[in-house]
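Convention: sequence-line order gives letters A, B, ...; per-chain numbering from 1. Not measured: the values here are computed from a predicted model.
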Amino acid sequence: MKFTDEHEWLRLDGDIATVGITEFASSQLGDLVFVDLPKAGAKLKKGSAAAVVESVKTASDVYAPLNGEVIAVNDAVSKDPTVISGDPLGAGWLYKMKLDNPADFETLMDEAAYKKHIA
Amino acid sequence: MTGPEHSFDKAALHRTPLYALHVEHHARIVPFAGYEMPVQYPAGVLKEHLHTRAAAGLFDVSHMGQITLHANSGNIADAALALERLVPVDIAGLKPGRQRYALFTGDSGGILDDLMVAHRGDHLLLIVNAACKDADEAHLRAHLSDDCIIERLDRALIALQGPLAEKALARLVPGVATMRFMDVMSADVLGAPCIITRSGYTGEDGFEISTPPDKAVEITKALLDDPAVALIGLGARDSLRLEAGLCLYGSDLDPETTPVEANLTWAIQPVRRPGGARAGGYPGSEIIGQQLQSGAPRYRVGLSPTGRAPVRAGAALYASETASDAIGHVTSGGFGPSVERPIAMGYVNAETAKPGATLFAEVRGQRLPITITALPFTPAHFKRA
C-alpha cells in the first residue's frame with residue numbers, strides 16, 4: 001500500500017489501483033454526509049480533483065494520486081458515506097483506476113514515510 | 001485530500017477563560033474572529049448537533065462582546081432613545097427584564113451587526129458579534145457618548161441550549177424555570193453575580209449566562225456534572241443555527257444587505273416604521289423605510305437541495321439549468337443533521353423569491369436543483385408561555 005501527502009491511499013493489483021482516503025483523513029473529516037465519486041471512464045490527471053467527500057461543515061477534494069482511467073467506483077460509499085469512516089482502508093475504498101504507468105506507483109510514499117508525514 | 005489546517009498564527013489570537021477546559025476535553029481549536037475557539041470535540045459536529053437537540057449543549061461564546069449603556073441622565077429611557085438613533089428597533093418600548101433582537105444599520109441601509117439588547121432595569125446590555133465588537137464599540141462611542149456611558153464588560157458567556165437545558169441550569173439556579181423566552185435576570189450562580197437570558201442561537205429552548213471571567217470554569221464544570229450536558233463546538237453551533245433559519249453575521253448579513261432584504265422586518269416594530277410614532281431616525285432609514293413600503297430588490301430565502309449533495313456558501317443560483325446569468329447566491333449551506341438532508345440559505349431576486357420555486361445551484365460545474373422553502377428547517381422550541 002502506498003500513500004500521498006494529500007492523505008490518499010492506493011493498493012495495486014496488476015495495473016489497477018484501488019484508491020481511498022487514509023484513517024488520518026477520515027478522523028480529521030469526522031462523520032461524512034456525502035461523497036461525489038468520479039464516473040467510470042473518466043481520465044484522471046495526477047493532482048486533479050477526482051472525488052469530493054463532505055462532512056456537515058466542509059467539502060474536501062480527493063485528488064488523483066497518479067494518471068489513469070477510472071474503471072469502477074464504490075457505490076456502497078455513495079449510498080452510505082459513513083462506510084468510509086467505519087473502514088477507510090477497506091470497505092470504504094472510493095474508486096479503482098487503470099494506471100497509465102504502473103511503475104509510477106513506486107514513486108509514492110510507503111507506510112513508514114506517510115506515518116512520518118502525519119506525525 | 002485537501003488537508004485540514006494544521007497551524008495558524010497564534011500570536012495575535014485571544015483565548016477565552018474556558019480555553020484550557022476545551023483543550024482538556026480534546027477540542028479541535030481553530031482561529032475564529034480573533035480567538036482560538038473549539039470548532040468540535042471528539043464526538044464530532046454531527047453528534048454534537050444531535051445531542052443539543054436531544055439533551056443539552058454547552059457552548060463557549062465568551063468571544064462575543066458585552067457592552068453596557070448607562071444614560072448620563074441616570075434615566076434608562078434616555079439610553080434607550082439614544083440607542084434608537086443606531087437601530088431600527090423599538091428600544092424605548094423594551095420592558096425591564098426583557099431583551100430583543102436588534103440591528104446596527106449603516107447609512108446605505110446595510111447591516112453593520114446584529115445584536116441582542118437587554119433591559120437591565122437601570123441600563124441596557126448589548127451582546128454583539130465577536131468579529132464586530134471593536135467596531136460596534138467605536139460606533140456607539142462616536143454616536144452616543146453625549147448621552148451614554150459606554151462600557152465593555154470583561155465577562156465570559158456560556159450558552160446552554162436544548163430540551164434539558166432548563167433542568168440542568170435549575171440545579172444551580174432554581175429561578176430560571178419560571179423565565180420565558182427573551183427574559184433576562186440577575187442571578188447568583190455558585191456565588192458569582194451572573195446575568196441570565198432565556199435565549200440562544202439553536203432554535204431550542206435555552207439560556208445564555210454571562211459570568212465573571214474567573215468563575216466561568218467553575219460554573220461550566222458544575223453544568224457539565226449533569227450527564228445531559230455536553231460541550232458543543234462552533235461547528236455544530238453553525239449547523240444548529242442554519243437549521244433554525246437564523247442568520248450568521250458576515251455570511252447571511254453584511255453592510256451591503258438591508259434588514260428588508262434579509263427578511264428581518266419582524267425586528268423592526270411598527271413604531272419605527274414609516275407612519276409610526278418614532279419612525280426613522282436611524283442610519284439608512286430612508287432606504288429601509290422605502291423598502292418596507294414597496295419591497296426590496298432581493299430577499300433571503302431558505303433553500304432545500306433536491307439531491308444529496310450539500311450546496312455551500314458562495315454557490316451561484318440560476319433560474320434554469322442553462323441560464324447564463326445568476327439570479328442569486330447561497331450565503332450559508334451544509335448538511336442538517338436533524339433533518340438528515342442538505343439545507344441552505346441565500347439571496348434571490350424579488351421576482352424569484354417564491355416558496356416552492358425550483359432553482360439551480362452551481363456546484364463543481366454542475367447545476368443541481370434546489371427548492372425555495374420556508375424557514376426554519378426545524379421547528380423552534382422556545383418557551384414562550
**Asked** Between H7(A), E6(A), E8(A), which is the residue that forms a side chain to side chain donor-acceptor pair (under 3.5 Å) with T4(A)?
**Response** E8(A)
**Prompt:** Is chain A contacted by the side chain of A43(B), its backbone, both, or neither, given a heavy-atom distance below 4.5 Å?
**Reply:** backbone
**Prompt:** Using non-hydrogen atoms only, which part of S78(A) is less than 4.5 Å away from chain B: side chain, backbone, both, or neither?
**Reply:** neither
**Asked** In this structure, are over 12 heavy atoms from other groups packed under 6.0 Å from H26(B) atom NE2?
**Response** no
**Complete:** Given T58(A), D36(A), V35(A), the one with more heavy-atom pairs under 4.5 angstrom with chain B than any other is T58(A)
**Asked** Taking all atoms of both residues into account, what is the closest heavy-atom pair of I111(B) and Y249(B), and its distance?
**Response** O-OH, 2.6 Å
**Request:** Determine the interplanar angle of the F32(B) and H63(B) rings, folded into 0 to 90°, and report it as parallel if under 30°, tilted if 30 to 60°, perpendicular if over 60°.
**Result:** perpendicular
**Prompt:** chain A: which of R341(B), E340(B), R312(B) shares the most heavy-atom pairs with it under 4.5 Å?
**Reply:** R312(B)
**Item:** Top contributor to chain A interface from G336(B), A309(B), G334(B) [non-hydrogen pairs under 4.5 Å]
**Value:** A309(B)
**Asked** What closest approach, in Å, do T52(B) and Q161(B) show between heavy atoms, and which atom pair accounts for it?
**Response** CG2-O, 3.5 Å
**Item:** Engaged part of P337(B) at the chain A interface, taking heavy atoms whose separation is under 4.5 Å
**Value:** side chain
